[in-house]
S.K.: 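My questions will all concern the structure given below.
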Amino acid sequence: MPSYEICYLNQDGSLFAKFSTICDDQVKAKVMAHAMKLEGAKQIEVWDGRSLIYSRPSDAAGRRVSGP
């Protein structure tokens, strides 16, 4: 099963909280991100490795992190 990293961001884009989870697919990872949303978090990002697969509000969807 794939592993996903779920990040919650502050209004300024800084990290509020994050956790890793194993889900059957991307849809279930997105559902998990919303189900576990912390009060005060302003944005949700779901990452599959170095690929951003989901972002709400969706201003950065599809971005990739460069590097090794």
Side-chain angles (χ1 to χ4, degrees):
M1 273 191 245
S3 176
Y4 298 92
E5 190 168 88
I6 298 174
C7 299
Y8 299 100
L9 307 176
N10 292 305
Q11 185 70 36
D12 65 0
S14 62
L15 187 64
F16 181 78
K18 89 175 168 179
F19 69 93
S20 296
T21 186
I22 297 173
C23 296
D24 291 334
D25 56 36
Q26 291 182 1
V27 173
K28 290 180 180 165
K30 294 172 191 178
V31 170
M32 176 73 78
H34 283 280
M36 300 298 292
K37 186 174 184 243
L38 301 169
E39 186 177 334
K42 301 300 180 189
Q43 184 169 347
I44 298 171
E45 292 183 344
V46 180
W47 292 83
D48 182 0
R50 293 175 184 247
S51 297
L52 178 63
I53 59 166
Y54 183 75
S55 179
R56 286 295 176 264
S58 61
D59 58 8
R63 116 177 110 119
R64 291 181 180 262
V65 174
S66 60

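The shown structure was predicted, so the numbers you read here are calculated from the model rather than taken from an experiment.
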S.K.: Can you name the side chain to side chain donor-acceptor pair (under 3.5 Å) partners of Asn10, sequence neighbours left out?
M.R.: Ser14

S.K.: Do any pairs count as a ring pair (Phe, Tyr, Trp, His ring centres under 6.0 Å) and have a residue in residues 4-26, sequence neighbours left out, and if so which ones?
M.R.: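 Passing the test, one end in residues 4-26: no pairs.
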
S.K.: Please report the interatomic distance SG(Cys7) to CD(Glu45), rounded to the nearest 0.5 Å.
M.R.: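 Cys7 SG to Glu45 CD: 6.0 Å, rounded to 0.5 Å.
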
S.K.: Can you list every pair that meets salt bridge (Lys or Arg N to Asp or Glu O under 4.0 Å) and has a residue in residues 3-23, with sequence neighbours left out?
M.R.: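 Only Glu5-Lys18 qualify under salt bridge (Lys or Arg N to Asp or Glu O under 4.0 Å).
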
S.K.: Extract all donor-acceptor atom pairs below 3.5 Å that involve side chains of residues 29-42 and protein atoms in other chains or at least two apart in sequence.
M.R.:
from, atom 1, to, atom 2, distance (Å)
His34, NE2, Tyr54, OH, 2.6
Lys37, NZ, Ala41, O, 3.2

S.K.: Is there side-chain contact between Leu9 and Leu15, with at least one heavy-atom pair below 4.5 Å?
M.R.: yes

